Amino acid sequence: MTARSRRRQGRSLRGGNGEGAAIAADKRKTGNQAEQLSRVEKLIRAVSEQMERTRIADYALLLNKPWRLLWLNLISGVSRGIGIALGFTFFAATIIYVLQVLGALNLPIIGDYIADIVRIVQRQLELTTY
């Protein structure tokens, strides 16, 4: 039996005009559309969740109120500046303390340099420059 005769036999079993094939094709088409709609729905939900996570709505509201945006940026800048100043002060104090301890050990070559650095820093701290 050839492929052509098999096709003819299949048509005759479904209905002479191919009506059964058309109905089956419509069912497949409807099924594909439902699958595509469910995919689109999933994609829309994923995009919606992503937008909620990034808080785009809050950002858009903030852009509509420029004075609030300026105020928040001013507060964050001042806070950042104070944090950097405190952190650098703590770091510098720790370095000076370590250098004083190393200077007290009287290391042969390094001790003189460390003692000079400590003296310079202490003089700068004692000076009042207004």
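Because only heavy atoms are used, hydrogens play no part in the values below, and waters and symmetry mates are left out as well, while side chains stay in. Owing to the predicted nature of the structure, the values given are computational and were not obtained by experimental measurement.
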Under a 4.5 Å cut-off applied to non-hydrogen side-chain atoms, are F90 and L86 in contact?
->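 F90 does not reach L86 side chain to side chain.
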Can you find a pair of side-chain heavy atoms, one from P66 and one from L70, that are under 4.5 Å apart?
-> no
If two hydrophobic side chains count as joined below 4.5 Å and joins carry through other members, does [X] share a cluster with [Y]?
| X | Y | result |
| --- | --- | --- |
| L72 | L63 | yes |
| F91 | V118 | yes |
| F88 | I82 | no |
| I117 | I95 | yes |
| L69 | L61 | no |

Is the shortest side-chain N to carboxylate O distance from E41 to R45 below 4.0 Å?
-> yes
Evaluate the side-chain hydrogen bond (donor to acceptor under 3.5 Å, both in side chains) criterion for residues R53 and Q50: first the C-alpha distance (whole Å), next the side-chain angles of each, then the deciding distance (0.1 Å), finally the verdict.
-> CA-CA 5 Å; R53 272 189 252 132; Q50 184 69 24; 3.0 Å; yes
Euclidean distance, [Y] [atom2] relative to [X] [atom1], rounded to 0.5 Å:
| X | Y | atom1 | atom2 | value |
| --- | --- | --- | --- | --- |
| I75 | R80 | CD1 | CZ | 12.5 Å |
| S48 | L43 | OG | CG | 12.5 Å |
| Y59 | L62 | OH | CG | 8.0 Å |
| E35 | Q33 | CD | CD | 11.0 Å |
| D58 | E52 | CG | CD | 10.5 Å |

Can you list the steps and then say if I44 with V40 is a side-chain contact (heavy atoms from CB on, under 4.5 Å)?
-> CA-CA 6 Å; I44 289 174; V40 169; 3.8 Å; yes
